[in-house]
Asks: 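Can you read through this structure? Questions will come right after.
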Amino acid sequence: RSATVSVLYCSSSRKNNQKKMVSKKAKRSMENINSRLQLVIKSGKYSLGQKSALNSLRMNKAKLVIISNNCPAVTKSMLEYYAMLSKSSVLHYNGNNIDLGTACGKTYRAHVMTITEPGDSDILGKI
């Protein structure tokens with residue numbers, strides 16, 4: 001038996017009001033990341049969006065880049081490349097852009113979130 005976390009999906013899409021089924025361990029880690037993100041939003045400095053993420057990566061201000069799982073491949077590889085050059089960490093968020101925007105307390109979608117100052121959160125130490 002492997003120690004990896006398995007994720008089970010119900011059939012096809014959310015349009016038919018069918019939700020994906022996720023294992024308990026993956027759900028707990030997702031809630032853990034979401035609670036840390038809320039702490040960053042309350043006490044730290046962050047930015048949402050691809051343009052601001054690239055600007056902060058170019059200026060070496062970004063400490064962590066969070067990318068949603070449905071981010072376009074070209075954008076994802078470009079952000080990872082800039083993060084490698086600026087020696088920043090990259091976190092691949094398990095939810096889509098709607099989930100990432102909701103976790104940040106926004107009503108809109110966000111493919112990318114950049115954390116410049118974590119504030120009271122220990123999100124940088126857990127990666």
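This chain uses plain numbering: 1 for the first residue, then up along the sequence.
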Asks: Taking the side chain as every heavy atom from C-beta outward, state whether Pro118 and Lys45 have any atom pair closer than 4.5 Å.
Replies: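 Not in contact.
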
Asks: First locate atom CD of Gln38, then atom CD1 of Ile123, and finally report the distance between them rounded to the nearest 0.5 Å.
Replies: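 Separation between the atoms: 11.0 Å.
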
Asks: Please set out all donor-acceptor pairs under 3.5 angstrom arising from side-chain atoms of residues 76-88, sequence neighbours excluded.
Replies:
residue	atom	partner	partner atom	Å
Ser77	OG	Ala73	O	3.2
Ser77	OG	Val74	O	3.0
Glu80	OE2	His92	NE2	3.0
Ser86	OG	Tyr82	O	3.1
Ser86	OG	Ala83	O	3.4
Ser86	OG	Ser88	OG	3.0
Ser88	OG	Ala62	O	2.7

Asks: Looking only at heavy atoms, what is the nearest atom pair of Met113 and Cys104, with distance?
Replies: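 That closest heavy-atom pairing would be SD-SG, 3.3 Å.
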
Asks: Do Ser52 side-chain atoms and Leu48 backbone N/O form a donor-acceptor pair below 3.5 Å?
Replies: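 Yes, Ser52 side chain to Leu48 backbone: donor-acceptor pair under 3.5 Å.
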
Asks: OG1 of Thr116 to NZ of Lys61: how many Å apart, nearest 0.5 Å?
Replies: 8.0 Å

Asks: Could you measure the distance from the CZ atom of Arg36 to the CD1 atom of Ile115? Nearest 0.5 Å is fine.
Replies: 11.0 Å

Asks: CG of Asn69 to CG of Asp99: how many Å apart, nearest 0.5 Å?
Replies: 8.0 Å

Asks: Knowing that exactly one of Leu124, Ile67, Ile66 qualifies, which makes a side-chain contact (heavy atoms from CB on, under 4.5 Å) with Leu91?
Replies: Ile66

Asks: Say whether Asn97 and Asn70, considering side chains only, have a donor N or O and an acceptor N or O under 3.5 Å apart.
Replies: yes

Asks: Are the side chain of Ser68 and the backbone N or O of Tyr93 linked by a donor-acceptor pair below 3.5 Å?
Replies: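 No; judged by distance alone, with no hydrogens or angles, the pair does not exist.
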
Asks: Could you give the distance from CD (Glu117) to CG (Leu64), rounded to the nearest 0.5 Å?
Replies: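 Between atom CD of Glu117 and atom CG of Leu64 there are 13.5 Å.
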
Asks: Could you point out which residue of Asn34, Val112, Asn94, Leu37 forms a side-chain contact (heavy atoms from CB on, under 4.5 Å) with Leu100?
Replies: Leu37

Asks: Would you check if the side chain of Asp122 reaches a backbone N or O of Gly125 as a donor-acceptor pair within less than 3.5 Å?
Replies: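 Pair absent, no side-chain N/O of Asp122 close to backbone of Gly125.
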
Asks: Nearest 0.5 Å, what's the CD-CG distance between Gln50 and Leu54?
Replies: 5.5 Å

Asks: Are the side chain of Ser121 and the backbone of Leu39 linked by a donor-acceptor contact shorter than 3.5 Å?
Replies: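 Here the side-chain-to-backbone pair does not exist.
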
